[in-house]
Every structure is written in C-alpha cells, then in structure tokens.
Amino acid sequence: MTRHRGRGMASINYPIGMNLGGDPSQALVHSNPSGKFTVALSSIDLGQGMKSVTRQICAETLGVPVEDVYVDTADSDTGPHCMGSFASRGTHRVGNAVMAAAREARGVMMEAAAEELEVNASDLETDGRGNIHVKGAPHRSISTKDVAIAAQFKQGKTISGRGIFLVPLSNVDPETGEMSPATCYAHACLVAEVDVDDETGEVAMVRMDSAYELGRALNPRLVEQQLVGGAWMGISHALYETPEPYYPDPVHGPRDFVEYLMPGPGDICPHDIAVLERPAPDGPFGAKGPGEMCANPVLPAVANAIFNAAGVRIDDLPITPEKVLRAIKAQGGARPQPRR
Amino acid sequence: MSKIPLQFRHNGRDVAIFVDGGTNLLVALRELIGDMTPKFGCGQGGCGTCSVLIDGELHLSCLTLAETVAGRSIETLDGMKQGPNLHPLQRAFADNFAAQCGYCTPGMLMAAKALLDRNPSPSREEVVEAISGNICRCTGYEPIVNAILAAAGGRASA
Ligand code: FES
Ligand code: FES
C-alpha cells in the first residue's frame, strides 16, 4: 500500500445574493423610551452571525453604542418581509436594508435632538457613545436616551425608520440569454493537500491554504468563524456526505447520524486563511459577505488534489473510497502527477 | 403503567421524581426536572448533544434508563457556571467562537469537562478523541478544539 500526496487548487467568482424578484429585504428600526433601539427583521440567524452584523450596521449608522441596539428577528409574523438567509445575501441585502432604516431613524432622532437643544439639526453630530452634541461644542449635548424620552413624551414623535434593499431588475437579453444575476461578486482561491491511499481508496486532508476576498469584513472574527466552519462543510461535501451511498438501492441509504457520514474532529486539517478586503461600492460599509462561498472552493480543490495524487479524475460527489479505488483499478494503478 | 419513585442528585441538589418504567434520563431531565440544557439531537446515541456526567463520567442521557441513576450524581451544563461567573470552559468557548447555532454546545462542554476533570492538560489528540462522539454541523470543530485547549492552558482568551 502506498499513500500518495497530491495538491490541487480552485478559484471561484461568487455572486452575492440573486436576481429573483429583485431579491428584496426589509428592515424597521425604532427607538424605545429607554433610548435603546430595536431592529425588526425576518431574516434568520442560524448561527452565522446575522444578528451581530445587523446590530453593528444599525449602531454605526445611528451613531449609538452597539449595546444600545437589539435585533429582533426570525419571526415573519412580526418582522417585515425578507427573502431569507441563503444565496450569501444576508450581510449585503439585509445589511443594506438595515442601513437605510437606521439612516431614516437617525434623521428623526437628530430633528428631535435639535428641537431639545434649540439648534439646527444639521449642526449636530453623534459621539457614538450615546450622546448628540453641537459640532465643535461638545458641552451643548443631550443623551440619545433623553432625546428618545422627549420624542415620546413631549414632542409626540416616533424615532423610527424604514428600509428596503431591492436590486434593479436585470432583464434577460433575448439574443444571448444574458442577464446580471448579482450586483457584486466575492472571490476565493483555495489550495488543498491530500493523501490518497491506493489500497483503501481513503482520502485524508493534509492541509488547506486559502484566500477570500469578500468586501469589507464587518466583523473579522465572525468572518473567520464562517470560513473555518464552511471549509469543513466543503470537505464534507467533497468526501463524505450523501443520502445515497449505495445507490442504486436506496434501501441501504443512511437513516441516522451513525450512517450519514461527516468528517469528525479527527478528520480536519490545518487551514491557513487570508482575508482580503476590497470594499464593494454597493455593500453596507463595503461588505459583501462570506456566505456559501466558504464551502465552495474546497470541492474542486480536493478533486484536483486527488487527481494530482493518484491520476484519477473523479467527477461524481462525494469522492468516496469506493470511487477512488474503482478509478485506480480501472487505470491499472495509481499514477501520481507532477507536483506543482 | 405504574410510576417508579426516583431520587438522585442533580447539579448538587437532591431531586425526587416519579418516572414511567423505560423513561430515559434525557426525558427525565428535560420534562420532569425542567433542565433543558441537555439537548435532544437523535435519541439514539449518534450525536452527543444529550451528554451529561454521571458520577463524573460522561454518558449519553438518551441511552441511559432513568431508573439506573438512583442515588447517583448527575451534572449537566445547567450546573456548570460558578455562581454568576462562567466556567473557564464556557469562557473559552465564547472567546474562541466555538459555538454558532449552539445546538452541540451543551454536549461539547460536558465532554470537555469530563476530559479536563481527569486530565487537566490534554494533548490536541486527546481533546479530539474526547469530543469524537459529539457532532457539530457548524464550526468545523477547530474552534472547539482550540477552546478546550485554551481552557486547559488556563488561558481564557485565544
Ligand atoms: S440525543 Fe443522545 S446521542 Fe443524540
Ligand atoms: S455550533 Fe451548530 S452544531 Fe455545533
């Protein structure tokens, strides 16, 4: 038995969001008499960090501390409409909607503050710590809490804002069938190194090196968390997961976590990630978002690495030991390709 | 079916309940004690999110008959934090972004605690081995392994 080391790479150009129906998301922002703000959404946070990132976007746009913003989401009975958390659209689409809503709410908040301080709203600025003051005269100041109280109990105003993000409709060119499915693209390149065992057909991950370009990383730790977890999902798609491992007889398909295979903590490998930030002109604070792209480049890179290691080109996922072994047998043994 | 009286220690407190014969410990904890920290993932020993400690040893509560824990001491995630303070493992999980959806987290923390209680400075391989019965769909395991190593090293932040 021999283990063959191979290296493969893949580059991807990944659309953020989709074109369908203009891919809209809505957001509502309002203040409470405590001076805190609530963002109402319907977008789901599955653990990827949607709540954290929309909270940051709202706080930054309003000019208030992040602690003063609460995101209430995932209930389509109470939140405004959202297309959903998929297509790598969350940060970009929902973020833009939150930004628009927060901008409108900020306008009302500044007007209410201006009335209290008896100045022009355009002369005011926020300090990001919960105060609004006259530009150049920080002592002429009022807290956002006092503004919220004045708006509610004195001025009879709601400090609130509505936001929607809608992609301009891209018509299909009748001649070419061409259309523009997305307004911005993220990019990635990943190099995977694997060991292929020519006796068992097993593929072991050795290491990965990747670079992701995803606009501005609004929360670098959350981005990293997505990239690390997403790459694991990529390995899982490439080498393990299938509902039909013994097709054509679905009776033998997996019925539970014991039979449905996924890589465990012992099957992962070191992964070095570089995040490149090229702010997107139409992204909230330049963000595009990591999304599904976290997993995508892993699959072709692993398939290429297996080809490099053993000379077998497997184009059917997942690349199970059985498929590797059959392919090696069919060509009369492993044929390692030159290392690049 | 007649009920069976059952007494055990739950996170340092004596509890007494009546269970139907055949009730598993996960159901007893969640439905009769009201401790929702052990999660139901698969109910058949495949995912580890229902993990609890019985007399300090790691067990899958979904595969444990409630009647068998009479007189024994059960620890769950609910009893992990020390007063108002997070347990060092919990702190390390937060600092290392070791939870996303969080569904595996209670089981991961109990498996990690079982490990560190008997082996305070484990190697990376021993950490991997200790959580290999626990499935995580989100994190890719790496942040969880790092969190446990950080907690063991007494470094709360990575
Ligand atoms: S619920 Fe007990 S192992 Fe999955
Ligand atoms: S954090 Fe989602 S399953 Fe582990």
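Every chain is numbered from 1, with letters handed out A, B, ... down the list of sequences. Quantities reported herein were computed from a predicted structural model and do not represent experimental measurements.
Counting heavy-atom pairs closer than 4.5 Å to chain A, the top residue among Q44(B), Q100(B), R124(B) is Q100(B). Highest contact tally toward chain B, considering only G230(A), P265(A), G264(A), is held by P265(A) [criterion: heavy-atom pairs under 4.5 Å].
Across every non-hydrogen atom of C42(B) and F257(A), the tightest pair is CB-CD1, 3.7 Å. Here the shortest heavy-atom pairing between I135(B) and M262(A) reads CG2-CE, 3.9 Å.
There is no contact between E125(B) and chain A, counting heavy-atom distances below 4.5 Å. Neither the backbone nor the side chain of I235(A) comes within contact range of chain B; no heavy atom of the residue lies under 4.5 Å from a heavy atom of that chain. Neither the backbone nor the side chain of P270(A) comes within less than 4.5 Å of any heavy atom in chain B. Heavy atoms closer than 4.5 Å to chain B are found in both the backbone and the side chain of V228(A).
The shortest side-chain heavy-atom distance between T139(B) and Q225(A) does not fall under the 4.5 Å cut-off.
E142(B) places no side-chain N or O within 3.5 Å of a backbone atom of H271(A) that could act as its donor or acceptor partner.
Atom-to-atom distance recorded for Q48(A):CD and C138(B):SG is 9.0 Å, nearest 0.5 angstrom. To the nearest 0.5 Å, atoms CG (L46(A)) and CZ (R137(B)) are separated by 12.5 Å.
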